[in-house]
Amino acid sequence: WGLTINPTRDLNRMATAWYGHDGIPVDPTLRAEHLRQVSLMTWAFVRSMKRHLSPPAEDEEAYVAELNARLAPEQAQAMIDAAHRPNRALYD
């Protein structure tokens with residue numbers, strides 16, 4: 001599990017460190033929104049992987065509730081309906 005979680009944290013740190021620091025002007029509001037989305041989809045990937053590896057009766061209800069609480073309604077529903085939810089999180 002640590003081999004999955006730790007690289008996702010690294011991904012967020014790298015995105016924050018590199019995005020907008022290459023000399024190309026970036027709107028700070030747009031940068032903040034993009035980085036928020038990277039962080040959110042990283043969380044969704046990890047949460048979807050946890051759900052993917054757990055028995056449905058153990059985690060499905062909590063998973064659906066958490067996605068609906070954090071994601072836009074259409075994004076949450078697309079992830080819930082996906083055949084492979086971790087891959088859907090990576091897609092978003």
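All figures in this text were calculated on a predicted structure; none of them were measured in a lab.
- Residue Asp59 comes nearest to Ser54 through the heavy atom pair CB-CB, 4.0 Å, listed as atom of the first residue, atom of the second, then distance.
- Screening residues 38-63 for ring pair (Phe, Tyr, Trp, His ring centres under 6.0 Å), with sequence neighbours left out, gives His52-His84.
- For the atom pair CG (Asp92) and CG (Asn87), the distance works out to 11.5 Å, reported to the nearest 0.5 Å.
- Pairs of residues two or more places apart, or lying in two chains, that qualify as salt bridge (charged side-chain N to carboxylate O under 4.0 Å, His left out) and include a residue from residues 30-41 are Glu33-Arg36.
- With sequence neighbours excluded, no residue satisfies ring-ring contact (aromatic ring centres under 6.0 Å, His included) with Tyr91.
- Met41 and Val64 fall within the same hydrophobic cluster, defined by Ile, Leu, Val, Met, Phe, Trp and Tyr side-chain heavy atoms under 4.5 Å apart, directly or through other members.
- Closest of all the heavy-atom pairs between Thr42 and Leu11 is OG1-CD2, 4.0 Å.
- To the nearest 0.5 Å, atom OG1 of residue Thr8 and atom CE of residue Met49 are 10.5 Å apart.
- When all heavy atoms are compared, the tightest approach of Asn12 to Ser39 is OD1-CA, 3.2 Å.
- The two residues Ala82 and Arg85 make their nearest non-hydrogen contact at O-CG, 3.9 Å.
- Not counting sequence neighbours, Gln37 has no partner by the side chain to side chain donor-acceptor pair (under 3.5 Å) test.
- For residues 5-25, every residue pair satisfying the ring pair (Phe, Tyr, Trp, His ring centres under 6.0 Å) rule, not counting sequence neighbours, is listed here: Tyr19-His34.
- Across all non-hydrogen atoms, the minimal contact from Ala89 to Ala44 is CB-C, 3.8 Å.
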With a 3.5 Å cut-off and sequence neighbours excluded, list the donor-acceptor pairs that the side chains of residues 69-80 form with protein atoms.
from, atom 1, to, atom 2, distance (Å)
Gln77, NE2, Asp81, OD1, 2.9
Gln77, NE2, Asp81, OD2, 3.3

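- Note that the CD atom of Glu66 and the CZ atom of Arg47 stand 4.0 Å from one another [nearest 0.5 Å].
- The cluster map of Ile, Leu, Val, Met, Phe, Trp and Tyr, joined by side-chain heavy atoms under 4.5 Å apart, puts Val46 and Leu40 in different clusters.
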